[in-house]
Protein chains: 2
Amino acid sequence: MYTIGEVSEMFNLPIPTLRYYDKEGLLNDLKRDKSRIRKFNEKTLEALRVIECLKKSGMQIKDIKQFMHWCAIGDKTLIKRKEMFENQKISIENQIKDLQKILDMVKYKCWYYEKAVKDGTEKNIKNITLEEMPKDIRKLYNNAHNI
Amino acid sequence: MYTIGEVSEMFNLPIPTLRYYDKEGLLNDLKRDKSRIRKFNEKTLEALRVIECLKKSGMQIKDIKQFMHWCAIGDKTLIKRKEMFENQKISIENQIKDLQKILDMVKYKCWYYEKAVKDGTEKNIKNITLEEMPKDIRKLYNNAHNI
DNA sequence: GCTTGACCTAAAGTTAGGTTTAGATATTAC
DNA sequence: GTAATATCTAAACCTAACTTTAGGTCAAGC
């Protein structure tokens, strides 16, 4: 059993954030002692790990709440929970793909500015054609420009 | 030369968003005609492409504004702009790495719920040990659990 | 000359996800 | 017993990035 202060340290989350999650209904398993003080147990910590994961995957608090609620209901909601994770998987895969395109654009810009800094001016590189680029850079450029 | 309505369609951005970007100083090259109507040219469109890219990479409007301002100043700011893109490159690479860890966690959960749905209950799988997991799933689990 | 449609502005409103404040209670240390 | 420390609550506040509203201008078509 842990106090809110201990959990705050463990997860590196501010105390008000933990209270906020509780208020929003994300911590179903959270119990209180006789003087209304929150007592976090292993189940609550596991819930927090899942919350952190789902948050980082871009899910909104209200949808995480929905999921936590399904968990509380029990086996009747297994299919919904499975589907949720399958959708989240697709969503993350798409986010990674998108970021890889953005990364190509940014890598192209890194090359561009390296050249510009070397030249001391942007003039020469500004109107470069595809043919004048090194092959690997051309690839970055093409990837990036059909975003 | 394009009107704000045309650009809105081309970029699939609401008109008020384009006005907002202009107001925030992201569109230095934007000119007006005699009756104060915005006229977008190729340079503005290229700026919008860069803005979209930087936004998707997680950069804030105020930092994009800073970058656009550097662009307007000219060759004196080349090193700053190069450094900005180099930092953004690292940031995106880290975002991708983080998402890949999250993805492993979510893939593990997909496997977990597939099994649970097959069983019709979460009971059996709930307390599964590392040894009882298939090797590839154990790998996902381990990757995910040192987030 | 009047209506329609696309543009304009400033200012207020919105949303998510917290964070801060103010005041109350309870346990521990001296 | 009293001071310090950690907890509690409700409610106000905050920030980013828009979005909506209300009212005004302007050129084209009838």
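Atoms considered below: every heavy atom in the structure, side chains included; atoms not considered: hydrogens, waters and symmetry mates.
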Checklist entry - How does protein contact run along nucleotides 9-16 of chain D, one letter per nucleotide 5' to 3', with B for base contact, S for sugar-phosphate only, - for none, heavy atoms under 4.0 Å? => result B-------
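- Between B:Thr17 and the phosphate of D:dA17, there is no side-chain N or O to OP1/OP2 separation shorter than 4.0 Å.
- At a threshold of 4.0 Å, the pair B:Glu122-A:Arg81 counts as salt-bridged, since one of the basic side-chain nitrogens sits closer than that to a carboxylate oxygen.
- In this structure, B:Thr3 reaches the C:dC7 phosphate: one of its side-chain N or O atoms is under 4.0 Å from OP1 or OP2.
- A donor atom on one side chain and an acceptor atom on the other are not found under 3.5 Å apart for B:Lys118 and B:Tyr113.
- When distances are taken from the side chain of B:Ser35 to each of D:dT20, D:dA27, C:dC7, the shortest belongs to D:dA27.
- Contact of the A:Leu78 side chain with the B:Asp119 side chain is not registered, since no non-hydrogen atoms from C-beta on lie closer than 4.5 Å.
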Item to check | Working for salt bridge (charged side-chain N to carboxylate O under 4.0 Å, His left out), residues B:Glu93 and B:Lys97 | outcome: CA-CA 6 Å; B:Glu93 283 165 350; B:Lys97 264 181 221 154; 6.0 Å; no
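- Between the side chains of B:Asn41 and B:Thr44, at least one donor-acceptor pair of N or O atoms lies under 3.5 Å.
- Remark on DNA chain C: of its neighbouring residues A:Lys34 and A:Pro16, the 5'-side contact belongs to A:Pro16, judged by nearest-heavy-atom nucleotide.
- Counting only distance, with no hydrogens or angles, the side chain of A:Ser35 and the backbone of A:Ile37 share no donor-acceptor pair below 3.5 Å.
- The side chain of A:Lys55 lies closest to C:dG18 when the candidates are C:dG18, C:dC7, D:dC18.
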